[in-house]
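Here the structure is laid out as structure tokens; the discussion comes afterwards.
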Amino acid sequence: MAPDSATPATPAPAASVDVPEKPTIDGLEEKWVERWAAEDTYAFDRDAALEAPREQIYSIDTPPPTASGSLHVGHVFSYTHTDFVARYQRMRGRHVYYPMGWDDNGLPTERRVQNYYGVRCDPALPYDPTFEPPAKPGKDQVPVSRRNFVELCMQLTEADEAEFEKLWRRVGLSVDWSNVYRTISERSRATAQKMFLGNLARGEAYAQEAPTLWDVSFRTAVAQAELEDRERPGAYHRVSFAGPSGPVVIETTRPELLPACVALVAHPDDERYQPLFGQTVRTPLFDVEVPVVAHRLAEKDKGSGIAMICTFGDLTDVIWWRELQLPTRAVIGWDGRFLAEPPAGVPAQPYDELAGKTSFSAQQRIVELLRESGDLLDDPRPITHPVKFYEKGDRPLEIVTTRQWYIRNGGRDGDLRDALVARGREIQWVPEHMRHRYENWVEGLNGDWLISRQRFFGVPFPVWYRLDAEGEPIHDEPILADEASLPVDPSSDVPPGFDESQRGVPGGFMADPDVMDTWATSSLSPQVASGWDTDPELFAAVFPMDLRPQAHDIIRTWLFSTVVRSHYEFGTVPWSHAAISGFVVDPDRKKMSKSKGNATTPIDVLERYGTDAVRWRAAGARPGADSPFDETQMKVGRRLAMKILNVGKFVLGLGASASSTVEQVTEPIDLGLLTALGRVVDEATAAMEAYNYTRALEVSETFFWSFCDDYVELVKSRAYGTGAAAASAQAALAVALEVQLRLFAPVLPFVTEEVWSWWQAGSVHRAAWPVASALPADGDPAVVTATAAALAGVRKAKSDAKVSMRADVATATVHAPAAQVPLIEAARADLVDAGRIATLSVQPGEGELTVEVVLAETPAE
RNA sequence: GGGCGCGUAGCUCAGCGGUAGAGCUCUCGCCUUACAAGCGAGCGGUCGCAGGUUCGAACCCUGUCGCGCCCA
């Protein structure tokens, strides 16, 4: 099927029309979801696609929803937007590759499994193949091995995914449900590990001991993309250091880090401190000698203009430490508490007063000590300031030096950064301005992408380390898994050349303990979905993909990381288009989310208004634009769906049938209607090509309502008759109905399929998208509009007189611009019938069209 | 503080250089045999504010205020 084929794909059987007595939109979902599944309406024909040229394929990198989460109306809207595109492309004759994935990997699933079964993962435990989770979660969580824990994750996510699929089918997504992937499946794990080994071999991934943002509750490292600033109360403490010629006063919000102080810093231009540069001062309480250094990031007008550098209080400390090559005096451990032993060179007294304390209580103690020693000047001055948090965490992040895996992303390399910005410019963004989000993010990166996480339910790094004679890991010589053995779990699988008895013993080996960040695996969704590792032929046909649909909040994470991986592995962008959907927001314009408690459950809305109505409302939200949730709008969609049902029934009852053809259309008003429809088809097509489904629907819908209210009213009495004039009306009605059903099919799949099934063969969703060239081009649409305007004049007179539209008119005199007179004359008989006019006169007049109406005497009854 | 977007009828939004548009709401009507979960008609806006460019600005430019998102 060529995308521009001029004729509908569906063979039209002669005049077999079967319209239900009382059509209804209720229950259409059950009927058609089942039928589409049974007939495999949306199947991707792999063999045909492999034969077809690339332009005949349309592939979509569908966002895998978090299966352990819950869906709200916002999700329904954005996935529906993608479905509009998928259905349109399918009707254009393309082989639409539209898989669905489930993101069942990561922390949300871990938490859900912990709560659901009442268990917790203890990686030190051995696997118990007979383990059964408690029937009900008990008060204390049962410790289980990592493998048992992962099995429970698998089990629960499978159940969650089945529920999701049911909902998506009811939403009408034209996904090929035989093509579903999971981000934690064996195949996904193998792909992720293979990609990682590739990155490692090419030097794009590396491990490094480095200061790392650390969530002390989850005890895991956190990447830049997962940070958020939150305003928190704090206080500036004025602390006095002993300088060569008198005290030097700094201000700090974290006095407890005094033992971690490695230098003081001021701006190079700051005349107040220039004499001190190169000198040393001594810290209060600990009496450690530290240098005074100059750096451009020190802020002259912040506090006293001079600050202490600690290892590490914030990210600026890390920059200073790195650029000024300062020593490390770490005091905070993985649990967020002060380490038992002071850093080298820091006296045990008074450090032992802090050991084991949290930052909070350490600060209290330090403040007391500083007060006693007289080194705290003034009372602490309360402020609010932004503090870094893990977006899913609730305690401020600490910076801890740990060994982590990174993928280079341009954060430390200008050339790479430029290359990735350039990749972004190869993508067509919908809407265009979303490109800025990408560029701003890439240009603002200040470190490589940290991909290791100290969690359990994720893809492990396929890496082991030899242990030396002391049992310490030799990190410099990692043992990598064989590609053929992937996926591996190094915590239960044994590296080549070793056996299990050597695990953890000196001279033996140990597993890399970490798993990959979820973005490190979900950034491979195009590879997983397209069969990079499992079906190279298919992959060659569908990759790079055509579309990545997603929301704007994860441009910095999912979109960017996917570009990075594709850039490395294939030297290309992963898709030609990125369509960014907006959010559904509540009446206060707040993003809908489950955690805020303002989310609307979709199933309820779908049941009350019908899927087509909800989809219609989703189509009203343009790409990228946030859209308020407003139930009153759903009613409008429902009304449209019902109107299509009713007008379909009526038109088919008037004698329109699938055997009607354009050639039978001879009357000027009928030709005018179809020519106008051709223009609508062109506009809707142009809009769909630009991913502007909102505009496409709008032009179709505007046409449709005037088709119902004006055109059908004008021609119905003629269509009731027989002969050539009646056949012309019947044929025009049939063609117009059939074309409009196809125009509406992507947005309203259920009601259009229903009406289509009354008189056409096959599925409307496998029919060709309409083309204007199949419609008469020589009609004059003004015949319809001028005649409709005249009819409106008659209606207004009846409305003003408060009589029925069925009231008889004795005389109607139309004064129309001269050019319109012949147009209205051409439809005279239709106007006379529709207006119930005894004597009609059409005259040229000044200005706009007006109608003088004399109503017939109402017979007294 | 920076970037991006948005401020048009009571609400949701089109329009983006040539005399203000749609739907919903509201008002007034109409049982009209496709549809009363319908149909017809009507009311309603100095296009956030202030300058500027232009014969002409909702639309272009500058500034300003307000809202939202992202990033510091």
Checking A/Arg230 now: which residues fulfil salt bridge (Lys or Arg N to Asp or Glu O under 4.0 Å) with it, not counting sequence neighbours?
A/Glu228
Between the protein and nucleotides 58-61 of chain B, list the N/O to N/O atom pairs that are separated by less than 3.5 angstrom.
none

Heavy atoms only, 4.0 Å cut-off, all strands: where does A/Pro628 land among base, sugar-phosphate and nothing?
sugar-phosphate
Any side-chain N or O of A/Lys643 below 4.0 angstrom from OP1/OP2 of B/C39?
yes
Distance check needed: B/C35 P versus A/Lys635 NZ, whole Å only.
22 Å
For atom C1', what is the distance between B/A58 and B/U19, given to the nearest Å?
13 Å
According to the ring-ring contact (aromatic ring centres under 6.0 Å, His included) rule, which pairs have a member within residues 679-701 of chain A, sequence neighbours left out?
A/His81-A/Tyr693, A/Phe84-A/Tyr693, A/His577-A/Tyr691
Nucleotide B/C35, atom C1' - distance to CD1 of A/Ile25 in whole Å
12 Å
Applying the 3.5 Å cut-off to both distances, the Watson-Crick or G-U partner of B/G1 turns out to be B/C71
If you restrict it to nitrogen or oxygen atoms, what contacts under 3.5 Å exist between nucleotides 70-72 of chain B and the protein, and what is each distance?
| residue | atom | partner | partner atom | Å |
| --- | --- | --- | --- | --- |
| B/C71 | OP1 | A/Arg556 | NE | 3.0 |
| B/C71 | OP1 | A/Arg556 | NH1 | 3.0 |

Output all residues satisfying side-chain hydrogen bond (donor to acceptor under 3.5 Å, both in side chains) with A/Gln730, sequence neighbours left out; order by chain, then residue number.
none
Distance-minimising heavy-atom pair for A/Phe707 and A/Ala736:
CE1-CB, 3.6 Å
Indicate whether OP1 or OP2 belonging to B/G29 is found under 4.0 Å from a side-chain N or O atom of A/Ser799.
no
Rounded to the Å, how far apart are A/Lys802 NZ and B/G42 P?
14 Å
Residues at least two apart in sequence or cross-chain that pass ring-ring contact (aromatic ring centres under 6.0 Å, His included) with A/His552, listed by chain then number, are A/Phe583
Could you tell me the separation between the CD atom of A/Glu713 and the C1' atom of B/C30, rounded to a whole number of Å?
13 Å
Any donor-acceptor pair under 3.5 Å linking the side chain of A/Arg836 with the backbone of A/Asp833?
no
How far, in whole Å, is B/U25 from B/G17 if one measures between their C1' atoms?
33 Å
Heavy atoms only, 4.0 Å cut-off, all strands: where does A/Tyr720 land among base, sugar-phosphate and nothing?
sugar-phosphate
Taking the same atom, C1', in B/G56 and in B/G18, what whole-Å distance lies between them?
7 Å
Please state the P separation for the pair B/C49 and B/A20 - nearest whole angstrom.
16 Å
Name the residue closer to the 5' end of RNA chain B, choosing between A/Asn646 and A/Arg638 according to the nucleotide with the nearest heavy atom.
A/Asn646
Send over the distance from A/Met805 CE to B/C35 P, rounded to a whole Å.
17 Å
If you measure from the C1' atom in B/G52 to the same atom in B/C59, how many Å do you get, rounded?
15 Å
Pick out the pairs of N or O atoms, protein on one side and nucleotides 14-23 of chain B on the other, that lie under 3.5 Å.
| residue | atom | partner | partner atom | Å |
| --- | --- | --- | --- | --- |
| B/A14 | O5' | A/Arg622 | NH1 | 3.2 |

Extract from the structure each pairing of a protein N or O with an N or O of nucleotides 7-10 of chain B at less than 3.5 Å, listing the distance.
none

For B/C59, what is the paired nucleotide under Watson-Crick or G-U wobble rules, both distances under 3.5 Å?
none
Paired with B/C6 by Watson-Crick or G-U wobble geometry, both distances under 3.5 Å: which nucleotide is it?
B/G66
May I ask you to decide whether A/Arg718 forms a salt bridge with A/Asp670, counting only side-chain N to carboxylate O separations under 4.0 Å?
yes
Complementary nucleotide of B/C39, counting Watson-Crick and G-U pairs under 3.5 Å:
B/G29
A/Glu689/A/Arg695 ion pair, N-O < 4.0 Å
no
Between B/A72 and B/C26, how far is it from one P atom to the other, in whole Å?
47 Å
Over how many whole Å does the gap from A/Lys798 atom NZ to B/C31 atom P extend?
13 Å
Using whole Å, what does the distance between atom C1' of nucleotide B/G1 and atom CG of A/Asp301 come to?
12 Å
Quick one: label A/Glu21 by what it contacts on the DNA or RNA (base, sugar-phosphate, nothing), any heavy atom closer than 4.0 Å.
nothing
Charged N to carboxylate O below 4.0 Å: is that the case for A/Arg638 and A/Asp26?
yes
Plane angle bin for A/Trp321 and A/Phe312 - parallel if under 30°, tilted between 30 and 60°, otherwise perpendicular
perpendicular
Who are the salt bridge (Lys or Arg N to Asp or Glu O under 4.0 Å) partners of A/Arg296, not counting sequence neighbours?
A/Glu323
Any-strand Watson-Crick or G-U partner of B/G45, both distances under 3.5 Å:
none
Restricting to pairs with a member in residues 725-750 of chain A, which pass ring-ring contact (aromatic ring centres under 6.0 Å, His included), not counting sequence neighbours?
A/Trp36-A/Phe750, A/Phe704-A/Phe744
Got a donor-acceptor pair under 3.5 Å from the side chain of A/Arg795 to the base of B/A41?
no
Using atom NZ of A/Lys649 as one end and atom P of B/A34 as the other, report the distance to the nearest whole Å.
8 Å
B/U33 versus B/C39 - spacing of their P atoms, nearest Å
14 Å
Check ring-ring contact (aromatic ring centres under 6.0 Å, His included) between A/Trp214 and all other residues, then give those that pass, not counting sequence neighbours.
A/Trp334
Which value, in whole Å, describes the distance between the P atoms of nucleotides B/G21 and B/G45?
14 Å
Around atom NZ of A/Lys31, are there more than 12 heavy atoms of other residues, nucleotides or ligands at under 6.0 Å?
yes
Less than 4.0 angstrom from a charged side-chain N to a carboxylate O is my criterion; do A/Asp215 and A/Lys388 meet it?
no
Who pairs with B/A20 - Watson-Crick or G-U, where each distance is under 3.5 Å
none
Which residues satisfy the side chain to side chain contact (heavy atoms under 4.5 Å, CB included) test with A/Glu846, sequence neighbours excluded?
none
Candidates B/G40, B/A37, B/A41 - which lies nearest the side chain of A/Asp709
B/G40
Check whether any side-chain N or O of A/Tyr711 sits under 3.5 Å from a backbone N or O of A/Leu733 as a donor-acceptor pair, and report yes or no.
no
